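Note sheet for the following structure.
A, B, ... follow the sequence lines: proteins, then strands. Residue 1 opens every chain. All values below were derived from every heavy atom in this structure, side-chain atoms included, with hydrogens, water molecules and symmetry-related copies excluded. Values in this document were obtained by computation on a predicted structure and should not be read as measured data.
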Amino acid sequence: MDTVIQTVDLHKNFGRVRALDGLDLEVRSGEIHGFLGPNGAGKSTTLRILLGLARASSGSATVLGRNPWTDAVELHRRVASVPGDVNIWPNLTGGETIDLLSRLRGSTLDRAYKERKRHLSEIFDFDPSKRGRAYSKGNRQKVALIAALVTDAELYLFDEPTSGLDPLMEAVFTREVRRVTRENGATVLLSSHILSEVEQLADRVSIIRSGKIVDGGTLDALRHLTRTEISFAQDSVDTHALATLSQVHDLTVTDGRVKFGADSDRVHEVLPLLGNLGVKGLLVSPPSLEELFLRHYGDTVAPAAEAADDGDSHHRRHRAAAQTGA
Amino acid sequence: MIWVLYRQRLRRDRWQLISWILSIGVLAWFAVEAIGKTFGDEASRAQVLQLATATPAILVLRGLARGPQLDAFTFFEIFSFIALLAALMNTFMAVRHTRAEEESGRSELVSSTSAGRWTPLVTTIVHGLVADVLVAVATALGFMGGGLDPAGSIVAGLATGAVGFAFLGVGLLAGEFFSTSRGANGISSAVVMIAYLLRGFGDATGQVSTDGMTVTAAWPSWISPIGWGQQTFAYTGNRLWPLLLPLALAAVCIAAVVGLMERRDVGASVLAGRAGRPDAGPTLRGPFSLAFRLQQGSIIGWCVGGLATGILTGSLGSAIQASITSSPQVTSILRAMVEAQGTSMTQLLVAALFEIAGILAAACGLQAVIRLRQEEAAGTAELVLSRPLGRARWLGSFLGLGAVSMVLVMLFTALGAWISLVASGDTSSAVGDVWQTAIDQLPAALIYLSLPAAVFVVWPRATIAAGWALLGVGVVLGIYGGMLGFDQKVRDISPFTHTPVTTGAGTDWSGGFWMLGIAVVLALIALVAVRRREVGTA
Ligand SMILES: Nc1ncnc2c1ncn2[C@@H]1O[C@H](COP(=O)(O)OP(=O)(O)O)[C@@H](O)[C@H]1O
Ligand SMILES: [Mg+2]
């Protein structure tokens, strides 16, 4: 089977709020698919529909060739997931929770399982003998991640999986997700509101905004759309040569720092010149989702709920735009 | 700062407090009206009182007899129940604003501001004090509204408020010991029930005057705050000094709380959670065992309550048997009061007290459904339901556990009664009948499993409030309905009204089968409908 997830014209309304407004998403077999969008865009709602926890108002969704609402139980044997907001039982230990969730998936807690669990706990630096109420947000997240990764699945659905994790653990997660796709040929759908997070992992991305897919494709195509912000100390460096490069945009000098944007897919072409100039205090910031939205959709990140055109949200959008522009 | 926090609490609590306080006031007023109607003249009240003092079982559920005048008689009939309500109002309130806040992490926000760590405690005490003053006013007005003597009514009101305040202290202290609001609520409710039963035991074993009109309570009443409230002898003695005892208890509890709080971190508790195991044991393997694991604390609590009720029933049995054989007239009127056509007084007593145990069983089952809702609201249901587990099986497991725990509560009740009856040397058939009587309570209790389950499926947000409200209405109509003078048609709404009664002549289970049928149908509706329902967190 080539397509693992397919939604066509998916709608979901919560009263008057349109969480999904005609979402067409396609995820192919064996890929890591980034599902990118600002807070409130409808990522969690989509994933909950794909898991059969919520029901679409209209439109169709197919997961592994089946209807997630009617065939939820069969699908859950083949799908592993991490919810957007992980909550665990306060009086069960992390280890007990992981074991219970695995048993519910039908795993027997044999030696191989125990070894995998021990290994995951170790690389995630996780103590499974504490009670749920004693864990921080990051540790609760680890419980759900380990429970998802400890058993094999054909499809993994991760909703903002790295929220609350420190960068070191993010790297561990990235490695483990690569492992499951490489070793088992699994498909992964990964939602995030941070561009750089998805960038490291995803083969393809879909960008969601106000309940609709507004863009998608390979990461290279996406990089083309974004600019990386580069800045360094002015220190009487002659910036003339830089300003004339076609990859460099909006070069400014403020507060003793030179600042410009470079096309993300051509940053490497600018770096040699920076080296020649001998710049100090170099800072390269990856492009942000906000910046992408601002530049390509003429709009900054506005949650679906606020999309209604009242004066207040308008005002806020304006201010956010001004800040990003400065 | 205290004022800011206090206003926020008033806003959060207003409807809840208004309903507690109004219920208490209205109950007082209703009681006077109903008693005035049922036992209009002093002679009939004197007769009833004589029977009551000769029958400890009645005293357990009533109070301390102080003569046949309408006002003293009303105080005797209703005060212990009103005080029980005031006590529960206070323990829930104390836990809600202290331990529950800490558990949710909200109080960390408050204690890191200029409010400091003491502000929530002080605010809760002020909040409780104001609420208890209002309870006192409502009770006094309720009694006065029914036409009772104002001075005595004020004393009765003060007694209710003071008992309530003592339990505010108990609730605050419980909050220090347990790290969860559930644990704190469970233990403080248990303390309230024990206080109620202790004074019941003290009243039932007290010294009866020769004319049978007054009782001097035995020592167990003197270790119960509700017993202290009764010692005011409202209307007949109007003494206020016994109220120093509940106030002193509140002060001791608060002092202990302050001492414990100085020694601990925000969020910690005296009874810390045990260090856990890194792997699940062999028993934690599915939705049923998860439900058991989540509910075991409360199941144990309700079973202990059942056992205590059973032991109380049995230990009163022999005393009654002795007093009844001597007076056939007592027997006949008593039967009318307990509303059962039994042949043995022990059977009547068992039937009456097991109904109370039936409420415990119902509450225990209800909590299984409430847990289901809490699982959904907390988001842990989502974890379970994104595994290969149908929603119907998930709901069914919690219902199954609820049913099992109800059976356990009644089993422990019967066991307690059986042991204490056998120990007292009772050889009548009533001893064997305790098992049957325990089963008799199950049909009505099961309604409180499947009715809230149906509510949970169609209107999840209302589950908790509707569950307790339905149980409250059922208890008031079904068990206190006769005393409060409700019409039979109204009383028939309550499942408890239809509880079968086991007598020497056998058991009429027609009402029981109806309740069973309704419970099964409601459960089936819930199980079918839940498949079509989304899993939400809101
Ligand atoms: N249960 C719900 N009830 C009402 N509105 C909801 C509910 N769940 C989500 N929404 C709304 O739907 C929109 C999409 O939310 P969500 O899918 O959680 O976004 P994301 O995960 O991308 O941050 C938001 O505007 C949110 O407020
Ligand atoms: Mg989300």
Side-chain angles (χ1 to χ4, degrees), chain A residues 12 14 44 47-55 69-70 72-106 108-109 114 117-118 121 126-134 143-144 147-148 151 157, chain B residues 102-105 178-183 267-269 272-291 293-298 371 374-394 397 531-538:
Chain A
K12 176 71 188 177
F14 293 106
S44 299
L47 290 178
R48 288 169 54 77
I49 290 176
L50 294 177
L51 276 169
L53 295 171
R55 187 181 202 171
W69 178 254
T70 52
V73 174
E74 289 94 297
L75 271 177
H76 291 162
R77 286 186 228 287
R78 303 161 66 188
V79 179
S81 61
V82 170
D85 197 2
V86 178
N87 288 293
I88 58 177
W89 296 280
N91 55 339
L92 262 61
T93 65
E96 281 179 316
T97 305
I98 293 167
D99 288 351
L100 172 69
L101 292 175
S102 300
R103 274 177 172 151
L104 285 170
R105 287 207 64 198
T108 44
L109 308 190
K114 288 203 171 114
K117 179 182 158 201
R118 194 199 55 73
S121 301
F126 174 72
D127 175 3
S129 60
K130 279 205 216 162
R131 288 191 189 272
R133 70 173 66 90
V143 172
T151 48
L157 300 178
Chain B
E102 269 187 58
E103 192 186 6
S104 71
F178 288 81
S179 58
T180 63
S181 56
R182 232 184 138 70
S269 59
R274 289 156 286 149
R277 50 191 305 164
D279 304 296
T283 51
L284 183 65
R285 50 188 326 116
F288 187 84
S289 47
L290 173 65
R293 180 68 186 271
L294 297 174
Q295 289 300 95
Q296 60 185 16
S298 86
R371 171 62 77 177
Q374 287 171 331
E375 285 279 288
E376 184 176 37
T380 36
E382 191 171 327
L383 282 184
V384 171
L385 291 172
S386 47
R387 263 68 195 175
L389 171 75
R391 280 191 276 274
R393 215 185 120 206
W394 176 62
S397 301
R531 293 161 180 268
R532 309 184 48 81
R533 170 156 148 350
E534 298 190 329
V535 183
T537 49

B:S386 meets the side-chain contact (heavy atoms from CB on, under 4.5 Å) criterion, sequence neighbours left out, with A:L51, A:S81
Determine whether a donor-acceptor pair (N or O, by modelled atom type, separation under 3.5 Å) exists between the side chain of A:T93 and the backbone of B:P278. no
- Are any non-hydrogen side-chain atoms of B:R387 and A:L101 less than 4.5 angstrom apart? yes
Under 4.5 Å to a heavy atom of chain B? For A:A54 that would be both
CG of B:L389 to CZ of A:R105, rounded to nearest 0.5 Å, is 13.0 Å
Student check: side-chain heavy atoms of B:P287 and A:L104 closer than 4.5 Å | yes
Correct closest heavy-atom pair for A:W69 and B:R533 would be CH2-O, 3.6 Å
query: Does a side-chain heavy-atom distance below 4.5 Å link A:K117 with B:D279?
result: yes
Exercise. So do B:L284 and A:L92 actually touch side chain to side chain, heavy atoms under 4.5 Å?
Worked result: yes
So, the part of B:L294 with a heavy atom under 4.5 Å from chain A: the answer is both
Okay, A:D85 and chain B: the region with an atom under 4.5 Å from a heavy atom over there is neither
Between B:L383 and A:P83, is any pair of side-chain heavy atoms under 4.5 Å apart?
yes
_Do the side chains of B:E534 and A:R48 get close enough for a salt bridge, i.e. N-O under 4.0 angstrom?_
no
- Message: Does B:R531, at its CZ atom, have more than 12 non-hydrogen atoms belonging to other residues, nucleotides or ligands within less than 6.0 Å?
- Response: no
Of all heavy-atom pairs linking B:G281 and A:R103, the shortest is O-NH1, 2.9 Å
Rounding to 0.5 Å, atoms CD (B:Q296) and CG (A:N91) come to a distance of 7.5 Å
Residues at least two apart in sequence or cross-chain that pass salt bridge (Lys or Arg N to Asp or Glu O under 4.0 Å) with B:E375, listed by chain then number, are none
If one checks every heavy atom of A:A147 against chain B at 4.5 Å, the contacting part turns out to be both
